Every structure is written in C-alpha cells, then in structure tokens.
Amino acid sequence: MENGRGGSRRQPGLVSVVDTAKAVTISGIAFMVPNNVAAVAAQYARSGIWIAPGATKRAVVERIEFSTTGAATTMSLNAISVAPATLDFLIRNKVMNGSAPTAVQRAFDTVGSGSGLTVYIKAGSSGVYEPKKPLIVTPGNGLVVFNNAINTDLVTAFDITEEANT
C-alpha cells in the first residue's frame with residue numbers, strides 16, 4: 001500500500017524491441033550487389049551500382065567489400081554521372097526469393113583508372129569500406145570501385161537499400 005492506495009504501477013502487456021535492420025530486410029528493400037569483373041588486357045576493372053535518370057528510387061549504400069586476386073593495388077571509390085557499359089539487375093534481395101530492385105542496377109566495365117577515396121589492398125587480399133554515414137546514390141548517378149592496377153580482376157559486394165527519392 002502506498003499513500004493510502006493499493007495496487008501496482010505495473011502495466012500489463014508485452015514490450016518488444018524493434019530491430020530496424022531486420023524490419024528493413026523483411027520489407028524487401030535490402031539488397032546484396034555481388035560482382036566479379038575479369039581482368040582485361042590494358043584495362044582497369046570497374047564495378048558498382050547505377051540508377052537511371054528519371055528513376056523514382058535512390059540507393060543507400062551502407063557497406064562495400066572489394067578484393068582482387070592480382071598484385072597489390074589501390075582501389076578508388078568514385079561517383080559517376082555517365083552509365084557504365086554493362087548494366088543488369090543481377091542483384092539479390094536479402095529476402096530469399098524476394099523481388100529485384102526497381103531502380104538500382106549492377107554496373108561494370110573496364111575503362112581508365114579512377115580517382116576518389118583510395119584504399120591500398122595487399123596482393124590477394126580484400127578490404128571493406130563502411131562509412132559512418134551511408135552514401136546516397138540518386139537517379140542519373142552511380143557509385144563505382146576502380147581497381148587501379150591494369151589488367152587485374154575486381155570482386156565487389158555492395159550492401160544497399162532502395163528507397164523513394166523524395
């Protein structure tokens with residue numbers, strides 16, 4: 001009894017913690033973008049994502065993994081505004097058998113070397129770029145990783161979500 005009253009301050013019911021990462025995945029807007037660009041003589045491998053101009057969605061990039069089986073090199077992360085030579089929708093929804101993204105496309109080709117954020121990679125090893133704040137790719141733009149070693153392969157995996165471009 002407290003202050004002359006009986007009872008309890010407890011509320012009946014269930015308390016649950018919302019796992020936002022899981023909720024985003026379950027909603028079907030979380031994707032894995034794997035890619036493997038083969039070495040081409042006298043060329044530099046480039047891999048990333050592209051969103052066509054006029055699309056109603058944008059990509060939120062939370063993590064990028066990259067590696068090469070070749071010699072030690074540097075990898076450059078760069079924004080682009082011209083579509084790469086090869087585009088497709090071979091992107092995996094994190095809900096198995098979930099739908100493909102509506103705007104984000106996998107992009108890759110071989111071109112001249114890139115510039116931008118540069119990371120050194122030891123021979124045959126891998127690296128991860130996980131920014132403190134996500135990178136946003138809007139329609140008419142892309143985000144690519146360049147392997148700055150000529151005639152060397154590039155393997156990448158982007159961890160993204162697709163959301164309305166409002």
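Basis for what follows: all heavy atoms, side chains included, without hydrogens, waters or symmetry-related copies. Counting begins at 1 with the first residue of the sequence. Please read all numbers here as calculations on a predicted model, not as lab measurements.
- The closest side-chain heavy-atom distance from Phe66 to Ser126 is not below 4.5 Å.
- The structure places CD of Glu65 at 11.0 Å from CZ of Phe158, a figure rounded to the nearest 0.5 Å.
- Clustering of Ile, Leu, Val, Met, Phe, Trp and Tyr side chains at separations under 4.5 Å places Ile29 together with Val24.
- Cluster partners of Val40, using a side-chain heavy-atom cutoff of under 4.5 Å among ILVMFWY residues and allowing indirect links: none.
- Under a 3.5 Å cut-off, the side chain of Ser27 and the backbone N or O of Thr25 do not form any donor-acceptor pair.
- Between Ala83 and Leu87 the shortest heavy-atom distance is CB-CD1, 4.1 Å.
- Counting heavy atoms from C-beta on, the side chains of Arg106 and Phe89 never come closer than 4.5 Å.
- Between Ile80 and Val82 the shortest side-chain heavy-atom distance does not fall below 4.5 Å.
- Residue Thr73 comes nearest to Tyr120 through the heavy atom pair O-CD1, 3.5 Å, listed as atom of the first residue, atom of the second, then distance.
- Inter-residue side-chain proximity for Thr74 and Val119 is flagged as unmet; no heavy-atom pair is nearer than 4.5 Å.
- Contacts classified as salt bridge (Lys or Arg N to Asp or Glu O under 4.0 Å) and involving residues 69-78 (residues at least two apart or in different chains) are not found.
- Here the side chains of Ser99 and Asn93 are in contact, with some heavy-atom distance below 4.5 Å.
- Note that OG1 of Thr69 is 3.5 Å distant from CG of Asp153, once rounded to the nearest 0.5 Å.
- The CG atom of Asn148 sits 6.0 Å away from the OG1 atom of Thr118 when rounded to the nearest 0.5 Å.
- Annotation: side chain of Val104 is in contact with side chain of Ile160 (closest heavy-atom distance under 4.5 Å).
- Considering only residues two or more places apart in sequence or on other chains, Gln105 meets the side chain to side chain donor-acceptor pair (under 3.5 Å) condition with none of them.
- Residue pairs that meet the salt bridge (Lys or Arg N to Asp or Glu O under 4.0 Å) test with at least one member in residues 23-40, sequence neighbours left out, do not exist here.
- Looking at Asp88 and Phe108, their side chains come closer than 4.5 Å, going by heavy atoms from C-beta outward.
- For the salt bridge (Lys or Arg N to Asp or Glu O under 4.0 Å) condition, the pairs that include at least one residue of residues 41-61, sequence neighbours left out, are Arg46-Asp109, Arg58-Glu163.
- Atom-to-atom distance recorded for Thr68:OG1 and Leu154:CG is 7.0 Å, nearest 0.5 angstrom.
- Applying the salt bridge (charged side-chain N to carboxylate O under 4.0 Å, His left out) criterion to Arg92, with sequence neighbours excluded, gives no partner residue.
- Minimum interatomic distance between Pro34 and Leu90 (heavy atoms only, all atoms of both residues): CD-O, 4.3 Å.
- Hydrophobic clustering (side-chain heavy atoms under 4.5 Å, transitive across Ile, Leu, Val, Met, Phe, Trp, Tyr) keeps Tyr129 apart from Val60.
- For Glu130, the salt bridge (charged side-chain N to carboxylate O under 4.0 Å, His left out) criterion is met by Arg63, not counting sequence neighbours.
- Legend: residues meeting salt bridge (charged side-chain N to carboxylate O under 4.0 Å, His left out) with Asp159, ordered by chain and number and at least two apart, are Lys94.
- Asn97 pairs by the side-chain contact (heavy atoms from CB on, under 4.5 Å) definition with nothing, not counting sequence neighbours.
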Only pairs under 3.5 Å count here: list side-chain donor-acceptor contacts from residues 133-143, not counting sequence neighbours, and write none if there are none.
residue: Thr138; atom: OG1; partner: Asn141; partner atom: ND2; Å: 3.1
residue: Asn141; atom: ND2; partner: Pro139; partner atom: O; Å: 3.2

Does the side-chain contact (heavy atoms from CB on, under 4.5 Å) test come out yes or no for Val145 and Ile64, once each step is laid out? CA-CA 9 Å; Val145 174; Ile64 305 168; 3.9 Å; yes

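- Sorted by first and then second residue, the salt bridge (Lys or Arg N to Asp or Glu O under 4.0 Å) pairs involving residues 25-39 (not counting sequence neighbours) form an empty list.
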Verdict with reasoning, Thr110 to Tyr44, per side-chain contact (heavy atoms from CB on, under 4.5 Å): CA-CA 5 Å; Thr110 52; Tyr44 298 87; over 6 Å; no

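- Val61 has its side chain within reach of Ile49: a pair of non-hydrogen atoms, C-beta onward, lies under 4.5 Å apart.
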